[in-house]
Amino acid sequence: MAIEFSKYHGLGNDFILIDNRSSSTPLITPEAAVKWCDRHFGIGADGVIFALPGDNGADYTMRIFNSDGSEPEMCGNGIRCLGAFLAELEGLSRTKDYYRIHTLAGVMTPQLMDDGQVKVDMGLPRLLAEEIPTTLAPADSKVINQPLEVAGKTWDVTCVSMGNPHCITFVEDVAAIQLETIGPKFEHHPVFPQRTNTEFIQVVNRNYLKMRVWERGAGITLACGTGACASLVAGVLNDLCDRTATIELPGGLLEIEWSEIDQRIYMTGPAERVFTGKF
Ligand SMILES: N[C@@H](CCC[C@H](N)C(=O)O)C(=O)O
């Protein structure tokens, strides 16, 4: 059976989007997602995202498979792409500029802005070790600037969950990090029972951070929305940045705010359709 898809990206973090609104079961399996994401033998993407019927009062449900077939709880760049995809699918029948999306990390709300950007209410960051999850500290403690031995070197790490796990390290120069060798060692470190996404952050000033990322289940990507949110939170917890900052990723810029009013994280960035097809 041929399945229609749309290819989108958010700052080069690219996804295959599938209109799955007629069924609560993803139209393709995790094994098929691995093949579809293959950049030589498939369509090529960092993940496959399904637009499913809403759950728990939400307008829609998002599920996502990473390019290795694993299923993460959330995806920041992906949910911006999903917002744009749903607007495209609804066309003239669309009645509002935001969607309440049920995810494995709770309900997230992407809003389509007049300038074409998508702003997402990403919810509350989770900071306790058991919420990350990590065994780096007692279950009910935060992991802020804690030493972690990886590849014979001690890294000071801060851990934040945006529904999915992130381990953040502040470095002098992000360009000098050997991401392809060190990334997998963080991802599979035994202190992270559900593996982890890993962000390396260079503080340019209190409102501008440079980031490179190794993603759980996808490897090096050009951007990670949840990673950018988690990194801003880590920067605030370490008093290295303010609560509003621009995050520079290899694929472009994201604006992140950790609201003092409701303590929620707001992420603003682009979502672009590249092409559509049948597979
Ligand atoms: N690129 C995404 C995150 C996708 C999920 C991640 N690989 C995980 O396994 O947690 C983003 O933009 O947030």
Side-chain angles (χ1 to χ4, degrees), residues 7-17 26 30 33-34 36-37 44-50 62-85 101 103-106 108-110 117-126 131-134 159-168 179 183-184 186-189 192-201 209 211-234 247-256 265-272:
K7 175 81 187 289
Y8 274 75
H9 79 92
L11 301 177
N13 191 192
D14 56 347
F15 306 98
I16 298 159
L17 282 105
V34 173
W36 285 38
C37 287
D46 293 323
V48 180
I49 292 176
F50 305 89
M62 174 174 93
R63 286 186 61 188
I64 167 170
F65 295 147
N66 283 320
S67 54
D68 75 348
S70 60
E71 180 167 13
E73 303 80 352
M74 231 315 261
C75 177
N77 290 322
I79 205 159
R80 291 199 319 278
C81 292
L82 179 63
F85 179 58
I101 308 281
T103 74
L104 293 178
M108 309 288 157
T109 314
Q117 300 264 101
V118 183
K119 180 174 183 176
V120 187
D121 174 352
M122 298 281 284
L124 301 170
R126 298 155 212 189
E131 296 174 306
I132 306 300
T134 177
C159 296
V160 176
S161 169
M162 290 304 304
N164 57 348
H166 294 273
C167 174
I168 299 106
L179 213 43
F186 273 88
E187 178 181 356
H188 297 282
H189 198 290
F192 300 112
Q194 290 175 22
R195 303 192 278 154
T196 191
N197 298 287
T198 307
E199 288 80 22
F200 296 93
I201 302 293
L209 310 178
M211 167 176 152
R212 287 179 70 210
V213 59
W214 176 272
E215 281 196 36
R216 176 181 67 167
I220 295 174
T221 60
L222 294 182
C224 177
T226 50
C229 296
S231 297
L232 176 104
V233 171
I247 316 286
E248 181 189 311
L249 301 124
L253 306 177
L254 280 176
E255 302 299 329
I256 312 291
I265 307 284
Y266 295 89
M267 171 192 64
T268 307
E272 288 172 28

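Position 1 is the first residue of the sequence; numbering continues from there. Both counts, for ligands and for their atoms, begin at 1 and track the order of listing. The basis for the numbers below is simple: all heavy atoms, side chains too, and nothing from hydrogens, waters or symmetry mates.
Every protein residue with a heavy atom nearer than 4.0 Å to ligand 1 is included here: Asn13, Asn66, Pro72, Met74, Cys75, Gly76, Asn77, Asn164, Asn197, Glu215, Arg216, Cys224, Gly225, Thr226.
Considering Arg212, Met211, Arg216 in turn, Met211 is the only one that fulfils the side chain to side chain contact (heavy atoms under 4.5 Å, CB included) rule with Cys224.
Legend: residues meeting salt bridge (charged side-chain N to carboxylate O under 4.0 Å, His left out) with Glu248, ordered by chain and number and at least two apart, are absent. Checked against side chain to side chain contact (heavy atoms under 4.5 Å, CB included), Pro133 has the following partners two or more places apart in sequence or in another chain: Pro193, Gln194. Qualifying side chain to side chain donor-acceptor pair (under 3.5 Å) partners for Asp14, counting only residues two or more places apart in sequence or in other chains: Lys7, Arg39.
Although no hydrogens or angles enter the test, the distance criterion places a donor-acceptor pair under 3.5 Å between the side chain of Ser67 and the main chain of Gly217.
Donor-acceptor pairing under 3.5 Å is recorded for the side chains of Thr226 and Asn164.
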